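Down below is the structure, laid out as structure tokens.
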Amino acid sequence: MVRKQRSTSVVGSSKSSVDVLLAEKVDSLGEQGDIVRVKPGYARNYLLPYGLATIATEHNQRMVVQHQKRLVELEKDRLKSLKVVADKLSKHSVTMEANANEDGHLYGSIVAVDISKSLKEGGFDVPADGIRLEGPLKELGMYTVKLQLHEKVKTEVKVWVVPAAEKS
């Protein structure tokens with residue numbers, strides 16, 4: 001009796017390699033949407049079961065191209081809205097009260113988290129990691145603080161550090 005071997009061939013493959021379309025970024029392999037050639041075992045045992053890649057068919061390639069176009073459009077819209085926010089932020093200023101001595105030195109300091117909270121109170125949702133301080137603010141005065149809302153969107157905001165109002 002002759003046994004037939006099951007064929008587990010993959011489109012675009014040869015015995016020593018297979019072409020897969022990456023569904024996500026895989027370190028040391030490629031970015032999302034790239035077509036890469038890998039060993040069949042790597043594709044069968046890791047990339048395909050974990051959903052990191054799919055077989056590189058014409059249909060899948062067309063779907064990735066459409067998806068990437070949608071992502072580009074969404075990113076353009078996001079950049080436009082961030083530029084509008086950056087324009088508003090550049091005209092905005094933040095006043096922060098802090099305890100200080102007669103020489104104007106603060107007893108504490110003002111850091112990015114404090115500025116982020118003040119901006120949120122003013123209606124701007126700027127995360128603390130988007131605030132670029134060269135160091136904590138330790139004296140009374142006016143500071144121009146750089147903000148990075150996106151890799152391509154940067155702006156500045158004025159921060160006034162004033163003495164705290166004394167309670168009577």
Side-chain angles (χ1 to χ4, degrees), residues 20-36 38 42-43 45-54 56 60-168:
V20 294
L21 179 67
L22 295 179
E24 295 180 20
K25 179 182 181 213
V26 178
D27 291 335
S28 74
L29 195 57
E31 298 289 325
Q32 179 183 16
D34 290 349
I35 297 176
V36 294
V38 297
Y42 184 54
N45 297 323
Y46 180 68
L47 295 174
L48 297 175
Y50 288 102
L52 300 174
T54 185
N60 289 344
Q61 290 176 13
R62 283 193 307 273
M63 294 301 288
V64 166
V65 168
Q66 288 176 353
H67 180 69
Q68 287 175 338
K69 286 180 184 176
R70 274 187 257 133
L71 288 177
V72 167
E73 289 300 317
L74 288 172
E75 184 66 15
K76 283 181 184 177
D77 292 342
R78 183 171 172 251
L79 278 174
K80 283 181 186 177
S81 65
L82 284 176
K83 286 179 182 177
V84 169
V85 170
D87 187 46
K88 289 179 183 177
L89 273 169
S90 67
K91 298 172 185 168
H92 186 72
S93 67
V94 176
T95 303
M96 304 190 69
E97 292 184 357
N99 293 322
N101 62 18
E102 295 94 24
D103 296 332
H105 297 288
L106 301 182
Y107 289 121
S109 62
I110 295 177
V111 293
V113 174
D114 301 322
I115 296 170
S116 175
K117 286 179 185 176
S118 292
L119 287 171
K120 284 181 184 174
E121 290 170 3
F124 297 101
D125 188 20
V126 179
D129 62 347
I131 298 172
R132 303 289 184 235
L133 284 176
E134 294 177 11
L137 308 180
K138 295 185 177 187
E139 293 184 359
L140 298 175
M142 193 274 299
Y143 297 90
T144 302
V145 177
K146 295 179 183 180
L147 304 176
Q148 184 168 358
L149 304 176
H150 185 273
E151 181 180 290
K152 298 178 182 176
V153 181
K154 298 175 185 175
T155 189
E156 294 179 341
V157 67
K158 302 254 187 276
V159 176
W160 293 88
V161 181
V162 297
E166 293 185 24
K167 296 178 184 175
S168 15

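In this text the structure is predicted, and so the values were computed from the model without any measurement.
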**Message:** So, taking the atom named CG in L106 and the one named CD in E97, what distance separates them when rounded to the nearest 0.5 Å?
**Reply:** 12.0 Å
Using atom types as modelled, flag every donor-acceptor pair under 3.5 Å from a side chain in residues 24-33 to any protein atom, sequence neighbours excluded.
{"from": "Q32", "atom 1": "NE2", "to": "A23", "atom 2": "O", "distance (Å)": "3.2"}

**V84: side-chain contact (heavy atoms from CB on, under 4.5 Å) partners, not counting sequence neighbours** = K88
**For Q66, all residues meeting side-chain contact (heavy atoms from CB on, under 4.5 Å), sequence neighbours excluded** = M63, R70
**Message:** Just verifying a value: how many Å separate I110 CD1 and L140 CG, rounded to the nearest 0.5 Å?
**Reply:** 8.5 Å
**Request:** State which residues pass salt bridge (charged side-chain N to carboxylate O under 4.0 Å, His left out) with K120; sequence neighbours excluded, sorted by chain then number.
**Result:** D125
**Asked** With a 4.5 Å limit on heavy-atom distance, are the side chains of L52 and L22 in contact?
**Response** no
Output side-chain donor-acceptor pairs under 3.5 Å for residues 144-163, partner residues at least two apart or in another chain, one line each.
{"from": "Q148", "atom 1": "OE1", "to": "R132", "atom 2": "NE", "distance (Å)": "3.2"}
{"from": "Q148", "atom 1": "OE1", "to": "R132", "atom 2": "NH2", "distance (Å)": "3.2"}
{"from": "H150", "atom 1": "ND1", "to": "K152", "atom 2": "N", "distance (Å)": "3.0"}
{"from": "H150", "atom 1": "NE2", "to": "E75", "atom 2": "OE2", "distance (Å)": "2.8"}
{"from": "T155", "atom 1": "OG1", "to": "A86", "atom 2": "O", "distance (Å)": "3.2"}

**Asked** Counting only N and O atoms by type, is there a donor-acceptor contact under 3.5 Å from the side chain of D77 to the main-chain atoms of L74?
**Response** no
**Prompt:** Under the salt bridge (charged side-chain N to carboxylate O under 4.0 Å, His left out) test, which residues partner D129, sequence neighbours left out?
**Reply:** none
**Residues which pass side-chain hydrogen bond (donor to acceptor under 3.5 Å, both in side chains) with N60, listed by chain and number, not counting sequence neighbours** = T54, T57
**S116 versus A128, closest heavy-atom pair with distance** = OG-N, 3.7 Å
**Prompt:** Listed by chain and number, what are the salt bridge (charged side-chain N to carboxylate O under 4.0 Å, His left out) partners of K91, not counting sequence neighbours?
**Reply:** D87
**Message:** Show every ring-ring contact (aromatic ring centres under 6.0 Å, His included) that has at least one partner inside residues 89-134, sequence neighbours left out.
**Reply:** H92-F124
**Prompt:** Hey, are the side chains of L137 and D114 touching, using non-hydrogen atoms and a 4.5 Å cut-off?
**Reply:** no
**Qualifying residues under side-chain contact (heavy atoms from CB on, under 4.5 Å), relative to K76, sequence neighbours excluded** = V72, E73
**Asked** For Y46, which residues count as a ring pair (Phe, Tyr, Trp, His ring centres under 6.0 Å) partner, sequence neighbours excluded?
**Response** Y42, Y50
**Item:** Over all atoms of both residues, closest heavy-atom pair of A43 and V20
**Value:** CB-CG1, 4.0 Å
**Item:** Shortest non-hydrogen contact from A53 toward L48
**Value:** O-CD2, 3.3 Å
**Request:** Kindly write out the residues that satisfy side-chain contact (heavy atoms from CB on, under 4.5 Å) with N45, not counting sequence neighbours, or none if the list is empty.
**Result:** none
**Message:** Would you compute the distance between atom CG of N101 and atom CD of E139 and round it to the nearest 0.5 angstrom?
**Reply:** 9.5 Å
